[in-house]
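Remember, it's a predicted structure, so these values are computed and weren't measured experimentally. Residues: numbered from 1 along the sequence shown.
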Amino acid sequence: MTALALLDYASVFVFALTGALVASRAQLDIVGFVFIACLTAVGGGTVRDIILDREVFWISNPSIIMVASAAAFVVFFTAHLLESRYRTILWIDALALAVAVPAGVAAAIAVGAVWPIVLIMGVATGCFGGLMRDVVCNEVPLVLKQGELYVTCAFVGAGAALALLYLGQPLSVALIGCAGATLILRMGSLAFGWSLPVYKSRPPRV
């Protein structure tokens with residue numbers, strides 16, 4: 001199994017957990033759990049593959065859907081054991097982001113994409129699944145939530161991978177650096193409130 005396949009599997013499973021947890025907050029049935037888990041799990045990778053004109057990863061490997069469905073079943077029968085499902089979603093989603101961004105970077109590099117496309121694919125793979133999940137479940141999208149870093153984490157992580165490759169490091173080291181930078185920044189935002197300045201409107205001048 002290739003490194004990209006492993007990253008896809010890991011990303012799918014962890015993002016599916018977050019999708020199923022959001023489904024539990026919406027009190028959906030088991031079919032709803034599976035649908036939201038699969039949507040979250042494959043959303044970012046599907047956007048990535050369509051843009052890169054690759055065969056969509058879960059079509060070429062349907063076992064991906066089975067992995068996401070298994071995660072949905074696990075959460076359906078265990079979500080009630082969690083003290084705070086929302087906090088759990090945030091932390092698991094941070095881990096999912098740190099896996100998905102390197103998967104996007106690796107996929108773009110595999111097709112010979114230039115560096116701006118590698119950067120964009122890392123961000124898209126990391127962010128679009130969660131965005132779809134939150135929009136469908138009528139939640140405030142984490143990618144747009146004020147006072148938290150999310151897209152910025154994906155951008156910095158993908159940028160770290162490119163910087164390491166530019167410095168002559170092997171792809172494996174670059175992907176580990178990508179995951180580490182993404183995870184540290186996202187967890188720092190959750191734990192310590194790291195954020196970027198937000199726009200504040202000013203009264204019009206007379």
Side-chain angles (χ1 to χ4, degrees), residues 1-18 40-61 63-64 67-68 90-132 141-144 148-192 194-197:
M1 187 179 292
T2 65
L4 177 55
L6 286 172
L7 285 170
D8 276 336
Y9 271 111
S11 174
V12 160
F13 182 75
V14 183
F15 260 131
L17 291 176
T18 72
T40 309
V42 305
T46 301
V47 171
R48 170 199 72 199
D49 290 346
I50 290 173
I51 293 175
L52 293 176
D53 198 25
R54 300 172 73 239
E55 184 175 14
V56 177
F57 72 113
W58 57 269
I59 292 178
S60 60
N61 185 9
S63 63
I64 289 285
V67 170
L90 291 178
W91 288 102
I92 295 179
D93 188 86
L95 178 60
L97 184 68
V99 178
V101 175
V105 168
I109 290 173
V111 299
V114 295
W115 73 264
I117 305 304
V118 173
L119 194 64
I120 293 169
M121 289 302 100
V123 173
T125 308
C127 297
F128 272 92
L131 178 61
M132 294 176 189
L142 287 179
V143 300
L144 301 175
E148 289 185 10
L149 301 177
Y150 197 97
V151 177
T152 304
C153 303
F155 185 86
V156 170
L162 289 169
L164 288 168
L165 289 172
Y166 180 78
L167 293 173
Q169 297 299 315
L171 179 60
S172 58
V173 173
L175 295 180
I176 292 170
C178 173
T182 304
L183 187 63
I184 290 170
L185 198 56
R186 179 63 182 146
M187 286 190 167
S189 177
L190 294 174
F192 306 114
W194 297 347
S195 63
L196 294 175

Report task. Would you confirm whether Ser11, through its side chain, and Leu7, through its main-chain N or O, come within 3.5 Å as a donor-acceptor pair? Result -> no

Query - Residues Ser63, Tyr9; criterion side chain to side chain donor-acceptor pair (under 3.5 Å); working and verdict - result: CA-CA 9 Å; Ser63 63; Tyr9 271 111; 2.5 Å; yes

Requested in this report: Considering non-hydrogen atoms only, spot the tightest contact between Leu119 and Gly159 and give its length.
Outcome: CD1-N, 3.5 Å

Report task. Would you confirm whether Asp49, through its side chain, and Arg54, through its main-chain N or O, come within 3.5 Å as a donor-acceptor pair? Result -> no

Query raised in the report: How many angstroms lie between atom CD1 of Ile176 and atom CD of Gln169, to the nearest 0.5 angstrom?
Result: 10.5 Å

**Report entry** Residue among Leu95, Leu142, Asp93 satisfying side chain to side chain contact (heavy atoms under 4.5 Å, CB included) with Thr18
**Finding:** Asp93

Query raised in the report: Counting N and O atoms only, with roles assigned by atom type, does the side chain of Thr125 sit under 3.5 Å from a partner on the main chain of Met121, one being a donor and the other an acceptor?
Result: yes

Query - Main-chain N/O of Gly130 paired to Thr40 side chain as donor or acceptor, under 3.5 Å - result: no

Query - Validation row: Met187, Leu90 side chains within 4.5 angstrom (heavy atoms) - result: no

Report task. Of all the heavy-atom pairs spanning Ala98 and Leu183, show the shortest one and how long it is. Result -> CB-CB, 3.7 Å

Query raised in the report: Is any side-chain heavy atom of Val105 less than 4.5 Å from a side-chain heavy atom of Leu162?
Result: no

Query raised in the report: Would one find more than 12 heavy atoms of other residues, nucleotides or ligands at under 6.0 Å from atom CH2 of Trp194?
Result: yes

Query raised in the report: Is there side-chain contact between Phe57 and Val12, with heavy atoms separated by less than 4.5 Å?
Result: yes

Query raised in the report: Closest heavy-atom contact between Leu97 and Phe15?
Result: N-CZ, 4.1 Å

Report summary line: Nearest heavy-atom approach of Cys178 to Ala161 is CB-CB, 3.7 Å

Query raised in the report: Counting N and O atoms only, with roles assigned by atom type, does the side chain of Thr152 sit under 3.5 Å from a partner on the main chain of Leu149, one being a donor and the other an acceptor?
Result: no

Query raised in the report: Looking only at heavy atoms, what is the nearest atom pair of Gly126 and Tyr150, with distance?
Result: O-OH, 4.0 Å

Query raised in the report: Which atom pair, heavy atoms only, marks the closest approach of Ala107 to Arg48?
Result: CB-CD, 3.5 Å

**Report entry** Rounded distance (nearest 0.5 Å) linking atom OG1 of Thr182 with atom CZ of Phe155
**Finding:** 12.0 Å

Query - Test item: Val123 and Phe128 side chains (from C-beta on) under 4.5 Å apart, heavy atoms - result: no

Query raised in the report: Where do Glu148 and Val143 land on the side chain to side chain contact (heavy atoms under 4.5 Å, CB included) test, with the steps shown first?
Result: CA-CA 8 Å; Glu148 289 185 10; Val143 300; over 6 Å; no

Query - Validation row: Ile109, Leu165 side chains within 4.5 angstrom (heavy atoms) - result: yes

Query raised in the report: How many angstroms lie between CG in Asn61 and CD in Glu55, if you round to the nearest 0.5 Å?
Result: 10.0 Å

